[in-house]
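Predicted model only: the values in this text are computed from it and were never measured. Within every chain, numbering begins at 1; the chains are lettered A, B, ... in the order of the sequence lines, protein sequences first and strands thereafter.
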Number of protein chains: 2
Amino acid sequence: MTLKEQDYAQDERREEIKRAALKVFARKGISGTKMSMIAAEAGISQGLSYRYFSSKEELFSLLVQEALEEAQTAIANIGNLPGTPFEQLKALTKNMLEENHKQYFLLIQQAHTSDETPVKVKQLLDQFSSKDTIEQLIPIFVKGQEMGEFCEGDPHRILFLYLSVISGLMIQDVYTDENYWVNEIDSLMKILSK
Amino acid sequence: MTLKEQDYAQDERREEIKRAALKVFARKGISGTKMSMIAAEAGISQGLSYRYFSSKEELFSLLVQEALEEAQTAIANIGNLPGTPFEQLKALTKNMLEENHKQYFLLIQQAHTSDETPVKVKQLLDQFSSKDTIEQLIPIFVKGQEMGEFCEGDPHRILFLYLSVISGLMIQDVYTDENYWVNEIDSLMKILSK
DNA sequence: GTCTATAACTGGATAGAC
DNA sequence: GTCTATCCAGTTATAGAC
């Protein structure tokens, strides 16, 4: 095996552990997740995880950071999507509820609500707070209001409610069928419409 | 102190511990809650809790049972409330979101989503499943549909979505202001309307 | 009745064998 | 590289002092 191939194999293992950890953390939160669960999910021994990550906390923090970046870009891109503001928000909703991103959003939720969350992560969360998320959506929502697609009222308040509803569903989504709520997007968006 | 008074004092202490435990369990779930936290919340030593409840599990189970009964009666009574079906569902929503019951609903949620939940409790949950809850609301919803107050569509599906939204909000409610969502009931009920 | 001390156990993290 | 054995800290539950 050449040096390059070795590095590749190491990286792959790291990603494997990260995938496993994301899956478990998203469902169980940081204290509900045991290193043995992550190891089992990744198909390795418990001790080996520590050759790739120095602690459970480090692993958790890294994943939250990636999740925040992922969520951030999804939201930043919304303005570039085709269609009316209504269609743009609908696309964002769908994106959030779909399997892949769901785990990231859940992880962020876990980080937000647990108090075992490391201080380092708390600081990250403050940086990318949901206030900023909403701030980015406001121009689109206001445009939709002017076009008569959305209901009247304080954009910040309405978007906060809407995003809370979505993440509330995601939390529970884990225990119902995959992507179940995606079929309910039209009903959910009635919160935003006239 | 007479015998009667002693019994009363004992009962009071039991209730004190139960109140404390409900508060902590609702926020942190069964494994996130340490007996020391409950004891601190109740203002007693950790060891003393075990003079009143034989285990953490027993305490948790008892509380879930009471929560289920509480939720059950709240729902069973809805038909007797004054007003149209719309007003009845609105009253139920408000009731669910208000502080007192919120803790009970949160506890049930914790019991539902955690897998450290004792088998005994899992069985209880199956008995009072949310399917039955919805079943009880269907007649009212159908009546509202006939009166033109609610949107068309499968009552079971719509009510399931609605209740999921409400409990999703409750889970997060703990971390925002008390009773914040109560002010948003009208927006939420747009999910049910035409 | 209530507290403090402690036994038994669980889980995070390290060390050493292969 | 990976696993098994082990250390140490924190938790449940009990026992014994006041």
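- Taking the centre of each ring, A:Y162 and A:F141 stay at or above the 6.0 Å mark.
- For the side-chain hydrogen bond (donor to acceptor under 3.5 Å, both in side chains) test, residues two or more places apart in sequence or in another chain that qualify with B:E58 are B:S54.
- Taking atom CD on B:E58 and atom C1' on D:dT12, their separation rounds to 14 Å, with Å as the unit.
- Residue B:E57 contributes atom CD, which lies 12 Å from atom C1' of D:dT12 at whole-angstrom precision.
- The minimum heavy-atom distance between A:L89 and A:M189, with the atom names listed, is CB-CE, 4.0 Å.
- Atom OH of A:Y8 and atom P of D:dG1 are 15 Å apart (whole Å).
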Derivation and outcome, side-chain hydrogen bond (donor to acceptor under 3.5 Å, both in side chains), residues B:Q172 and A:S167: CA-CA 9 Å; B:Q172 304 175 81; A:S167 49; 3.2 Å; yes
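- With respect to B:R19 and B:E16, a salt bridge is recorded, a charged nitrogen being found less than 4.0 Å from a carboxylate O.
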Nucleic acid footprint by protein, nucleotides 2-12 of chain C - heavy-atom cut-off 4.0 Å, B for base, S for sugar-phosphate alone: BBB------SB
